[in-house]
**Q** 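Let me give you the structure first, and then I'll get to my questions.
Every chain is numbered from 1, with letters handed out A, B, ... down the list of sequences.
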Amino acid sequence: MSNIRVRFAPSPTGNLHIGSARTALFNWLFARRMKGVFILRIEDTDELRSTDESTRAIFSALRWLGLDWDEGPVPEGGELGAYGPYFQGKRAGMGVYRKYSDQLMAQGMAYRCYCTPAELDEQRKRAQLEKRPPKYEGTCRHLTEAQCRDLEAQGRKPVIRFRMPDEGVTAWNDLIRGEVKFENKLLYDFIMVKASGYPTYNFACVIDDHLMEMSHIIRGDDHISNTPLQLLVYKALGWTPPEIAHLSMIHGPDGTKLSKRHGATDVQAYEAEGYLPAVIRNYLALLGWSTPDSQQLFTGPDLIEKFDIAGCQKNPAMFDPVKFKWMNGEYIRKLTPDELLDMAAPFLKKAGVGQNADRETLKKIVALEQEKYKLLGEIPSLVDFFFKDEAEFDPRAVEKVFKKPEAKKVLADMRERYLKLADFNDVSLEKEARDYAASASLKAGQVFHPLRVAVSGRTEGPTLFKMIEYLGRDAVSKRLERAAALCG
RNA sequence: GCCCUCAUCGUCUAGAGGCCUAGGACGCUGCCCUUUCAAGGCAGAGAUCAGGGGUUCGAAUCCCCUUGAGGGCGCCA
């Protein structure tokens, strides 16, 4: 058992975003690879935006992705692990953060600030105009006790700010980027505790990461500038910070941080389109990480076995929907017919396709076009013609195939032959068609193409004679008869 | 404006001074297979390693500058 402890700490303010999912994945991979512990902590200190609904959405998305956590809240109720609670809201209620903000106040490393949000906003705007950094100016930095009492008498509620050192440098050795350093004088006195008494992210995060004994913090690159602030809190409290690694961001096609603007960006949306969880894991892992031989597909446990922080990329990666989709097709092709049917079932059900068919029949039909599927969501529309009373004819197919002079006769003759055929299976069906073509001095294609359109309504589809076999003699006969009427 | 980060085919990347006439994958093109569409097989186009200076016998790899891109500067996380 190693002492590796890492966490995924989302704020429940929406569905699980693909970028967050990647952060979760990298932490999970690292934990599994190192035989460590993967912790889920809910950072619900934003009282306005956090919702239970989002929390549930995050739980289910993580579960669906297969990213199981060893410690943290359990969706069914209760918690796993000895470091709870794992909701920051609950921890705040227990006074967990209060203890440390009091300590920092007593040490003189934190102070009360009575500036209102409106005043701060004003200051920021002014600074922007004057081309100065829009950071807190330290208005309340040196308030006396008496001044504090006065302001409070006026009804002002204070926040607690961390007192940044005026000089010195804060640096760390980032596992992915190497040494990163910030001059302390450029940092600002950030708010640790809001007027409501709730802690802010930069404060709560440090307290919890320490109390939960995190060994590594693996998070997005957008947190780099928060890191010196947090490191200074560790220092003020006399704590040793964990190892830190900053992952590069995922960008959309326009080169900016992937967001809603770029279309589907939450895990649930990809689930609905029919992406496999294993594909999301595989593709996301490749966005910013690679093996020395640049392996693409990790279908077994090798994703965990080969994962290594050292293989993480520093530069941001663009999310490529085309490659993502290719990979999904690649995984679908490797499924057994039973697995494929199980995964397709919810999509078939939703589309109302094949719901009266027995499992074996449905399985055969779904597997017929397995090598063609890229998304589970496209399966219903590709197999629906098997289950309809009659084929829906694509006008282009009718134009292209049924207008051929021989089409009408071919369909009528083949209907006769198939009605009399002893064994209605793909081998005999094909032999019969080929024999007919030879006897009528036609090329195989001149027989096959009209047949295909007649039974399916389309020019493209599964292998012809399997398709006819699965459709069954009665359905085929009816479809050939109706199609013949459309010819000419 | 200030701070931070990053920089190899269109995209994801391999590459840690000579194995690089820069490798793989997606996508693209052509051919083969074939009853269609796919899948598969084969072949190919595609990167003067952002630009400029150094260091070195030798640089995609080390150093500096420039440029470009991204992130941050919230009582959001």
**Q** Measure CG/A:Leu287 against C1'/B:G70 and give the value in whole Å, please.
**A** 15 Å
**Q** Please determine whether a side-chain nitrogen of the Lys or Arg among A:Arg141 and A:Asp189 lies less than 4.0 Å from a carboxylate oxygen of the Asp or Glu.
**A** yes
**Q** Could you tell me whether the side chain of A:Thr463 has a donor or acceptor atom within less than 3.5 Å of a complementary atom in the base of B:U36?
**A** no
**Q** Could you identify the nucleotide paired to B:A69, looking across every strand shown and requiring Watson-Crick or G-U wobble geometry with both distances under 3.5 Å?
**A** B:U5
**Q** I need the CG-P distance between A:Leu258 and B:A69, as an integer number of Å.
**A** 20 Å
**Q** What protein N or O atoms touch nucleotides 39-44 of chain B N or O atoms at under 3.5 angstrom, if any, and at what distances?
**A**
none

**Q** Taking CG from A:Asn315 and P from B:C49, how many angstroms apart are they, rounded to a whole number?
**A** 17 Å
**Q** Centroid-to-centroid, A:Phe324 to A:Phe319, below 6.0 Å?
**A** yes
**Q** In whole angstrom, give the distance that lies between atom CG of A:Leu368 and atom C1' of B:U36.
**A** 13 Å
**Q** Applying a 3.5 Å limit to both distances, which nucleotide forms a Watson-Crick or G-U wobble pair with B:A43?
**A** B:U29
**Q** Whether the A:Ser248 and A:Asn315 side chains hold a donor-acceptor pair (N or O, under 3.5 Å, no angle test) is what I'd like checked.
**A** no
**Q** Do the charged groups of A:Arg458 and A:Glu392 touch, with an N to O distance under 4.0 Å?
**A** no
**Q** Could you tell me whether a side-chain N or O of A:Lys374 sits under 3.5 Å from a main-chain N or O of A:Gly329, the two making a donor and an acceptor?
**A** no
**Q** Can you confirm if the NZ or CZ of A:Arg22 lies within 45° of the ring axis of A:Phe26 and under 6.0 Å from the centre of its six-membered ring?
**A** yes
**Q** Measuring to OP1 and OP2 of B:A14, would you say a side-chain N or O of A:Gln313 lies under 4.0 angstrom away?
**A** yes
**Q** With a 6.0 Å cut-off on ring centres, are A:Trp289 and A:Phe307 close enough?
**A** yes
**Q** Below 6.0 angstrom between ring centroids: does that apply to A:Tyr201 and A:His223?
**A** yes
**Q** What string of B, S and - do you get for nucleotides 72-77 of chain B, 5' to 3', if B is base contact, S is sugar-phosphate-only contact and - is no contact with any protein heavy atom under 4.0 Å?
**A** SBBBSB
**Q** Base, sugar-phosphate, or nothing: which does A:Gly288 touch, judged by heavy atoms less than 4.0 Å apart?
**A** sugar-phosphate
**Q** Taking donor-acceptor contacts at under 3.5 Å, does the side chain of A:Arg452 reach the base of B:U35?
**A** yes
